[in-house]
There are 2 protein chains.
Amino acid sequence: MTSKITAKKGRHTIRDIAQMAGVSRSTVSLAINDSPKINADTKKKITDLIDKVGYRPNQTARNLVRRSTETICVVLPQISHVVSNAYFSESLSGILDVATEQGYHLLVKEASAEFKEGRQALKLFRQGLMDGVLVVGALTNDKYISELAAAGCPVVLVNSTLPGVDYVISDNETAAFKAVEHLHKLGHRRIAHIRGSEFVTGALDRTAGYLKALDAFGLPKLDNYLAQGYFDKQSGFDATKWLLTAPERPTAIFTTNDMMALGAIEAIRAAGLRVPEDIAIFGGDNIQLAPYVSPALSTLEQPMDQIAQAACQRLLNRMTGEPVGKPPVIHLDLVIRESCGAKLGARG
Amino acid sequence: MTSKITAKKGRHTIRDIAQMAGVSRSTVSLAINDSPKINADTKKKITDLIDKVGYRPNQTARNLVRRSTETICVVLPQISHVVSNAYFSESLSGILDVATEQGYHLLVKEASAEFKEGRQALKLFRQGLMDGVLVVGALTNDKYISELAAAGCPVVLVNSTLPGVDYVISDNETAAFKAVEHLHKLGHRRIAHIRGSEFVTGALDRTAGYLKALDAFGLPKLDNYLAQGYFDKQSGFDATKWLLTAPERPTAIFTTNDMMALGAIEAIRAAGLRVPEDIAIFGGDNIQLAPYVSPALSTLEQPMDQIAQAACQRLLNRMTGEPVGKPPVIHLDLVIRESCGAKLGARG
DNA sequence: TTGTACGCGTTATCAT
DNA sequence: ATGATAACGCGTACAA
């Protein structure tokens with residue numbers, strides 16, 4: 001005799017299984033959850049039946065009674081605002097790995113204006129659709145995040161910081177310091193910098209590292225050696241054109257990211273100068289292009305997958321009440337290629 | 001007087017609101033769902049209260065009774081298997097746009113071996129965690145997908161095809177044909193090809209288009225003009241080295257994707273030959289690198305975001321029972337750059 | 001091993 | 001015309 005299927009869409013319910021197996025729903029539930037308080041034979045009979053008909057407990061009903069969803073939400077920066085696709089895909093990939101391994105689902109959202117202004121994240125949390133949030137590349141003026149955290153939602157920022165919110169970030173300041181140090185060791189003394197948006201903490205940290213290095217090495221810290229950029233190639237081009245108007249032309253430029261470095265190289269060439277002979281360039285995130293452009297770009301390694309993995313692990317620990325300790329700070333390596341050239345001669 | 005909060009995590013429930021407003025739960029429900037069968041004053045009183053305390057109906061409970069989740073699952077190729085990050089991120093971004101706009105949530109999964117072999121997608125569907133699936137870059141031997149579709153789950157493939165499964169794909173055959181046609185118009189007659197993996201339908205279609213063009217233009221179709229590659233640069237390099245051993249060296253190579261084209265350029269140079277003077281190169285997916293390499297790569301535009309958007313729209317239409325018509329086929333444009341050079345002279 | 005209350009909303013039915 | 005009561009969706013957990 002065939003049991004009538006109660007659920008729509010042809011999906012079986014625990015009632016069907018109970019009826020077919022000739023036991024109660026509770027017994028089926030015990031079998032599903034591998035409880036010790038059930039007879040082994042009964043359990044086998046039930047699990048065999050379950051396998052046969054392809055039954056899966058309705059996760060929605062489970063979530064309802066358990067008051068959790070085993071789901072975390074990843075808020076990605078809008079791809080149109082991200083210069084490097086890798087920033088987007090490597091972050092997500094790293095998070096996906098850790099979350100999947102630990103049995104969590106991933107709900108993905110994009111940090112659009114509507115998402116932020118509509119407090120969608122808070123809504124999702126209140127709706128019980130997710131139990132925690134990872135925000136990739138949050139901006140310093142993203143106030144929805146603090147609200148969310150204040151509402152009791154576990155939040156970890158991936159590669160940015162905000163007051164009162166947990167995070168995992170790379171050590172941008174030290175990395176920038178080392179980049180400048182490298183240029184200094186090559187003999188450069190007039191080192192300019194193109195900084196990024198004021199809303200990106202990583203960029204601010206790099207600029208801080210640059211300034212710190214100038215101090216440390218006693219290099220000239222001039223207003224017209226510090227240009228403003230916005231991460232894209234064009235702004236790097238424009239900023240460099242402006243830097244080239246400085247009375248004493250810089251011999252090296254450290255840009256906050258690689259795309260601006262590419263713009264810088266173009267601007268330098270457009271001015272009839274050579275890279276790295278006349279001006280050395282140091283970029284910022286080792287994008288896929290970096291080794292291919294001419295000259296190959298010196299830059300900072302940016303292991304977004306590692307950062308994302310660490311952040312995801314941290315969020316999960318936080319959600320399960322495990323100790324998390326101090327926020328980890330991921331070390332960034334220098335990637336030295338042709339664009340910063342060899343040691344300078346008697347220049348400086 | 002303060003109502004006691006029944007739900008955990010400090011979230012209010014419909015009971016709290018009913019109690020605070022001094023009405024029944026059903027009345028609150030009517031207010032939430034903007035029913036016409038409720039007094040406007042009562043509604044306002046309730047909605048004001050809801051706004052004040054920040055109540056959001058538990059979506060899990062709603063999903064349970066509605067037997068739907070307003071969630072679609074996106075299965076992405078493993079990033080380690082994808083040569084271009086853009087393939088991953090643009091697809092996801094396009095899907096995200098359409099899904100968000102129509103009020104759907106996105107559950108993201110990676111097509112790992114465990115995911116496929118464990119029939120995780122089917123499980124998710126049976127669990128009621130999602131109502132439809134988009135598979136990006138499915139392989140021809142992915143049997144889990146047919147199973148899923150057979151179980152009644154709406155599925156749309158993004159940029160691949162499988163028997164009996166709906167899809168949106170780009171017109172790879174025509175695009176490949178046109179690429180070869182372009183080379184032919186430049187005067188090339190000995191045109192070789194590096195194909196991709198046999199499990200990728202798009203790659204198969206491109207190879208088909210290549211062969212079709214050879215026929216159409218009466219060009220030599222030699223076994224040793226057809227090399228096997230696997231989308232990565234190294235395999236492009238190896239395949240090209242092998243092609244260069246042909247008795248009559250080809251004057252052009254059409255590679256299925258760009259990374260293999262980069263490998264091809266390296267191999268050609270390693271053999272002491274020039275691109276495009278000795279051998280022209282035509283690539284395949286206009287990756288970010290393409291315009292930057294030297295020589296800049298001629299290739300096929302691959303608008304993954306468009307394809308993904310169309311696929312997502314198609315899935316949603318299918319899920320809501322709207323007519324979908326024939327699967328759309330996205331046209332691909334040629335992107336002509338230096339790597340295929342100018343018209344050949346008296347060569348042939 | 002099973003009956004039953006429960007988790008949180010929705011909706012049909014009934015009372016005003 | 002409004003609003004309240006109760007059953008329902010599906011699985012879990014505790015008492016019996």
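Order of the sequence lines fixes the chain letters, A, B, ..., with proteins taken first and strands second; residue numbering starts at 1 for each chain. As a basis for the values below, the full set of heavy atoms in this structure was taken, side chains included, without hydrogen atoms, waters or symmetry mates.
Residue B:Thr60 is out of contact with every strand shown, counting any heavy-atom pair closer than 4.0 Å.
Between the C1' atom of D:dA13 and the CD1 atom of A:Ile38 lies a distance of 14 Å, rounded to the nearest Å. Regarding B:Asn58, its CG atom lies at a distance of 18 Å from the P atom of D:dG9, rounded to whole Å. The nearest whole Å value for the distance from the CZ atom in B:Arg67 to the P atom in D:dG9 is 6 Å. Rounded to whole Å, the distance from CD on B:Gln19 to C1' on C:dG9 is 17 Å.
Every residue meeting the salt bridge (Lys or Arg N to Asp or Glu O under 4.0 Å) condition with B:Arg119, not counting sequence neighbours, appears here in chain and number order: B:Glu147. Partners of A:Thr71 according to the side chain to side chain contact (heavy atoms under 4.5 Å, CB included) rule, which considers only residues two or more places apart in sequence or in another chain, are A:Thr69, A:His105, A:Leu107, A:Met130.
Between the two ends of the helix from C:dT1-D:dA16 to C:dT16-D:dA1, each summarised by a five-pair axis, the helix axis turns through 50° (rounded to 10 degrees).
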### Annotated protein contacts, base or backbone, on nucleotides 10-16 of chain C with a non-hydrogen cut-off under 4.0 Å, one of B, S, - each
SB-----
For residues 111-118 of chain A, run the donor-acceptor check on the side chains, cut-off 3.5 Å, and write out each pair with its distance to 0.1 Å, sequence neighbours left out.
| residue | atom | partner | partner atom | Å |
| --- | --- | --- | --- | --- |
| A:Ser112 | OG | A:Glu114 | OE1 | 3.4 |
| A:Ser112 | OG | A:Phe115 | N | 3.1 |
| A:Lys116 | NZ | A:Asp142 | OD1 | 2.8 |

Pairs under 3.5 angstrom only: tabulate donor-acceptor contacts from the side chains of residues 148-164 of chain B to other protein residues two or more places apart or in another chain.
| residue | atom | partner | partner atom | Å |
| --- | --- | --- | --- | --- |
| B:Asn159 | OD1 | B:Ser170 | OG | 3.2 |
| B:Ser160 | OG | B:Ala138 | N | 3.3 |

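Between A:Tyr55 and D:dC10 there is no side-chain polar atom (N or O) within less than 4.0 angstrom of OP1 or OP2.
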